[in-house]
S.K.: 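Below is a structure I'd like to ask you about.
Since this is a predicted model, take the numbers as computed values, not measurements.
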Amino acid sequence: MSVPQPAVVSAPAGVSVPASPDPVETERALARVACPVGRVRQHERLMAVAGPPLHRAAAAILRHAAGSDPLRPGKPVARLSVEASHVTRQLGQLEKDGYVRRVPDPEDRRVRLAEAGPAAADRMREVSLRSMRVAPADRSPEDLRLLSGLFPRTVGDFEARAEAGLEP
């Protein structure tokens, strides 16, 4: 049985991109991106180069904290689709290691980056950016502009649904 090829639609800058009214191809592509990024081996390489010996979840939480200071503990729970106790445990370890600190708040216990946090998050981001610069290096500037606009919006849509607690 042959697989239907996606239709081509016009993108904002006049660039043609594959599209389909059926989200199967989009889901497959996102899964193909997510799997290598989240693998243990990839995390081990990141930690070997970036420096801080962090658990995978702790590294993700630290990067979230670096991007949204101060961070509510519930935000990574929704975004990472993990249990609150897991985030609490990782935040405790990050705090103990000097990467984050709790901020007194009457409603919740937000966290901010502590002294070691910004440098560790920056090192992880720089290592990750190296592959982001190399992997699509042969793409046209138009493709790169389109990707840099669509990908964050798409991820934001998924994060918003997760944070709102919406079921698929």
Side-chain angles (χ1 to χ4, degrees), residues 11-13 15 17-18 23 25-84 86-103 110-164:
V15 177
V17 295
E25 290 304 316
T26 301
E27 188 277 334
R28 285 181 184 156
L30 288 173
R32 287 174 44 212
V33 168
C35 285
V37 171
R39 291 200 193 274
V40 172
R41 191 174 302 157
Q42 179 67 19
H43 175 74
E44 289 170 353
R45 282 188 214 126
L46 175 65
M47 292 299 103
V49 176
L54 300 174
H55 183 275
R56 258 187 324 169
I61 292 167
L62 181 61
R63 292 187 71 177
H64 279 292
S68 61
D69 203 5
L71 177 70
R72 284 191 165 121
K75 198 160 200 138
V77 168
R79 285 190 175 178
L80 300 173
S81 295
V82 296
E83 298 296 323
H86 191 62
V87 170
T88 300
R89 184 173 48 256
Q90 296 301 327
L91 283 172
Q93 188 62 49
L94 287 168
E95 184 175 26
K96 179 181 168 195
D97 293 342
Y99 295 111
V100 299
R101 63 183 171 83
R102 307 266 180 180
V103 178
R110 296 176 190 221
V111 295
R112 287 186 182 275
L113 293 180
E115 189 173 324
D122 287 347
R123 285 191 310 270
M124 287 187 291
R125 185 175 300 108
E126 183 53 41
V127 171
S128 292
L129 284 174
R130 287 181 202 160
S131 65
M132 292 299 297
R133 289 182 185 114
V134 173
D138 63 340
R139 300 289 178 191
S140 70
E142 295 82 18
D143 281 354
L144 294 174
R145 275 193 292 279
L146 184 61
L147 178 64
S148 69
L150 290 176
F151 197 72
R153 288 194 335 238
T154 302
V155 171
D157 292 342
F158 285 109
E159 287 176 339
R161 286 187 63 83
E163 289 170 11

S.K.: Is there side-chain contact between Leu54 and Gln90, with heavy atoms separated by less than 4.5 Å?
M.R.: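 A side-chain contact is absent here, since even the closest heavy-atom pair is not under 4.5 Å.
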S.K.: Would you name the heavy atoms of Val100 and Ala65 that are closest together and state the gap between them?
M.R.: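 Reported closest heavy-atom pair: CG1-CB, 4.5 Å.
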S.K.: Within a strict 4.5 Å, meaning less than it, do heavy atoms of the Val111 and Pro70 side chains meet?
M.R.: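 Side chain of Val111 against side chain of Pro70, heavy atoms only: no contact under 4.5 Å found.
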S.K.: Among Leu113, Ile61, Leu91, Leu62, whose side chain to side chain contact (heavy atoms under 4.5 Å, CB included) with Tyr99 holds?
M.R.: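 Per the side chain to side chain contact (heavy atoms under 4.5 Å, CB included) rule, the option paired with Tyr99 is Leu62, out of Leu113, Ile61, Leu91, Leu62.
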S.K.: Could I get the full list of salt bridge (charged side-chain N to carboxylate O under 4.0 Å, His left out) partners for Arg125, not counting sequence neighbours?
M.R.: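 Listed in chain order: Asp122.
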S.K.: Do you see a donor-acceptor pair shorter than 3.5 Å between the side chains of Ser128 and Arg63?
M.R.: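 Ser128 vs Arg63: donor-acceptor pair found between side chains.
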S.K.: Restricting to salt bridge (charged side-chain N to carboxylate O under 4.0 Å, His left out), what partner residues turn up for Arg123, sequence neighbours left out?
M.R.: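 For Arg123 there are no salt bridge (charged side-chain N to carboxylate O under 4.0 Å, His left out) partners, ignoring immediate neighbours.
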S.K.: Can you confirm whether Val77 sits close enough to His86 that some side-chain heavy atom of one is under 4.5 Å from a side-chain heavy atom of the other?
M.R.: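 Side-chain contact under 4.5 Å: no.
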S.K.: Is the closest side-chain heavy-atom distance between Leu129 and Glu126 below 4.5 Å?
M.R.: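 Sidechains of Glu126 and Leu129: in contact.
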S.K.: With the threshold set at 4.0 Å, does a side-chain nitrogen-carboxylate oxygen contact exist between Arg101 and Glu95?
M.R.: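 Result for this pair is no, no salt bridge flagged.
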S.K.: If you compare all heavy atoms of Ala114 against all heavy atoms of Gly98, which two are closest, and at what distance to 0.1 Å?
M.R.: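 Where Ala114 meets Gly98 most closely, the heavy atoms are CB-O, 3.2 Å.
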S.K.: State, to 0.1 Å, how close Gly149 and Arg153 come at their nearest heavy-atom pair, and which atoms those are.
M.R.: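 The pair with the smallest heavy-atom distance is O-CG, 3.3 Å.
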